[in-house]
Amino acid sequence: MRILVLGGDGYLGWPTALHLSRRGHDVGVVDSFARRQYDFEMGVDSLVPIRSLQRRVRTWREVSGLTIDAFVGDMTDPVFVIETLRRFEPEAVVHFAEQRSAPYSMIDRQHAVYTQVNNVVGTLNLLYAIAELDPSIHLVKLGTMGEYGTPNIDIEEGFIEITHQGRTDVLPYPKQPGSFYHLSKVHDSHNIMFACRIWGVRATDLNQGIVYGQETEETLQHPDLATRFDYDGVFGTVLNRFCVQAVIGHPLTVYGSGQQIRGMLDIRDTLACVELAVTNPATKGEYRVFNQFTESFSVGQLAEMVVDAYPGPATIDHVAPPRVEKQEHYYRAAHTKLLDLGLVPHLLEASTIRSMLAVVDRHRERVDLDAIAPTVDWRRTQSTLPTAGAPVDA
Ligand code: NAD
Ligand code: USQ
């Protein structure tokens, strides 16, 4: 199939593009390099060095003999979006190209506005381009499990049957997201469902849990093909952060009691899930939702698993919660649709954590201790960043 991967320079987009290419698809990637810019802004960097997109694509051609077309541009530019789709003529578009950090979206007003404009406008431009050029293009959109929040009932895959005043309907599952970033995904979901209803677009919304890991079969073929690995307080996700903290001897930063529960998956399963969604497309006008995670854990459990897997001493610190989120809550979320399509998950085992610790150990010299602490407080509404023209904090 001809597959365009939006956000193909990112943590998940790049290894997904490689995977789809190796599996025989014609792959193009789109990216604005916004993510590399956030690193400059925050003064942080990926733990594992990453090459330019141009070099990545070149190395992939040398290693595999396969070509990936790269398009550099911004999804919020409607002309770029429609012209890229016109040129590449995809059968499926996999949309990863959004600002994806909850803390980044909660820094201040400017970052909340940026996140929602970038994400919602980019997706709207894409929906219009698909509807205008060819509504049979299948949109595979990365959503998030965080759209649902933590309700006191079971979470279904996108929809719930409700009986009200004696009448019954199947309706979108209620959303109670925990950040302006997670809210941007809710807005996207509504817009996509509407486009399916009015224009006959077909779409799969992948409500993905938190991804961990860094190595995939394809990225391991050459150091130039490595994907990024974030561990800082803004972009680092929980298990990746805990592995870095263990290796450098920093106490594992569990926010609050650590009883908050989240759905998780291995990076290799992200690739497999996307491929399953692409090769088993939604039908014309269908808007479907898959909950894309394989297991759920409390944050405290994850910390303990890392402490147990780490060969040296490692300690856990319960830091004052920077986020507004439920600490103790019920959590049971359905996730059968991708399993029904044939997903065989990589479950989180001590050996998985040990291989992540080995990646960190190889790059431990690159860890910036100052980047570890959480710096974004959900309750603060005043900007903490310098305004234009003001000196940057040393
Ligand atoms: P990432 O930030 O590493 O990658 C996103 C890529 O999109 C970046 O390369 C960035 O430059 C690009 N991008 C952003 N805005 C763009 C725009 N307007 N135009 C063109 N390119 C743009 O993030 P990731 O971790 O790879 O996540 C990819 C997607 O998966 C995101 O939509 C995210 O919300 C979703 N997701 C990620 C996780 C996770 O744990 N990493 C979990 C669930 C869902
Ligand atoms: N947490 C800690 N200590 C840390 C970091 C995080 O206790 O050092 C806690 C957080 O408070 C939260 C949980 O771990 O309860 C997860 O935090 P996270 O930063 O790993 O994940 P989150 O902010 O939810 O966002 C990540 C991705 C996002 C994706 C989401 C999937 O950055 O793109 O959408 O995971 S989900 O969580 O299912 O919504």
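Atoms within each ligand, like the ligands themselves, are counted from 1 in listed order. The shown structure was predicted, so the numbers you read here are calculated from the model rather than taken from an experiment.
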(message) Can you confirm, on distance only, whether ligand 1 has an N/O atom lying under 3.5 Å from any N/O atom belonging to Tyr181?
(response) yes
(request) Would you mind finding which of Gly7, Gly8, Ser46 brings a heavy atom closest to atom 6 (C) of ligand 1? (result) Gly7
(request) Starting from atom 7 (O) of ligand 2, find the nearest protein heavy-atom neighbour and note its residue, name and distance. (result) Tyr255 N, 2.9 Å
(message) Check this for me - ligand 1, Gln99, N or O atoms closer than 3.5 angstrom, yes or no?
(response) no
(message) So is Phe235 touching ligand 2 or not, going by heavy atoms under 4.0 Å?
(response) no
(request) Specify the protein heavy atom at minimum distance from atom 39 (O) of ligand 2: its residue, its atom name, and the distance to 0.1 Å. (result) Thr144 OG1, 2.6 Å
(message) Can you see whether Tyr287 has Arg197 sitting over its ring - NZ or CZ less than 6.0 Å from the centre and within 45° of the normal?
(response) no
(message) Return the closest protein heavy atom for atom 28 (C) of ligand 2 as residue, atom name and distance.
(response) Arg100 O, 3.3 Å
(message) I need the nearest protein heavy-atom contact for atom 36 (N) of ligand 1: residue, atom name and distance, please.
(response) Gln208 NE2, 3.4 Å
(request) Using a 4.0 Å heavy-atom threshold (strictly under), name the region of Arg241 that reaches ligand 2: side chain, backbone, both or neither. (result) side chain
(message) Quick check on Gly143 - does any of its heavy atoms sit under 4.0 Å from an atom of ligand 1?
(response) yes
(request) Tell me which protein heavy atom sits closest to atom 21 (O) of ligand 2, plus the residue, atom name and distance to 0.1 Å. (result) Ile210 CD1, 3.8 Å
(message) Tell me if the aromatic rings of Tyr104 and Tyr181 count as close, with their centers under 6.0 Å from one another.
(response) no
(message) I'd like the name of whichever of Val117, Thr115, Asp31 reaches closest to atom 9 (O) of ligand 1 through any heavy atom.
(response) Asp31
(message) Heavy-atom contact check, 4.0 Å cutoff: does Val30 meet ligand 1?
(response) no
(request) May I ask you to identify the nearest protein heavy atom to atom 14 (O) of ligand 2, giving residue, atom name and distance to one decimal place in Å? (result) Val299 CG2, 3.4 Å
(message) Among all the protein's non-hydrogen atoms, which is closest to atom 23 (O) of ligand 2, and how far away is it?
(response) Arg323 NH1, 2.8 Å
(message) Quick check on Ser101 - does any of its heavy atoms sit under 4.0 Å from an atom of ligand 1?
(response) no
(message) If we set the cut-off at 4.0 Å for heavy atoms, which region of Glu147 has an atom near ligand 2: side chain, backbone, both, or neither?
(response) neither
(request) If you have a sec, work out which protein heavy atom is nearest atom 3 (N) of ligand 2 and how many Å separate them, to one decimal? (result) Thr253 O, 2.6 Å
(message) Is Gln208 close enough to touch ligand 2? Criterion: a residue heavy atom under 4.0 Å from a ligand atom.
(response) yes
(message) Side chain, backbone, both or neither: which applies to Val211 and ligand 1 if a contact is any heavy-atom pair less than 4.0 Å apart?
(response) both
(message) Just to be sure I read this right, does ligand 1 sit under 4.0 Å from the backbone of Lys185, its side chain, both, or neither, counting only heavy atoms?
(response) side chain
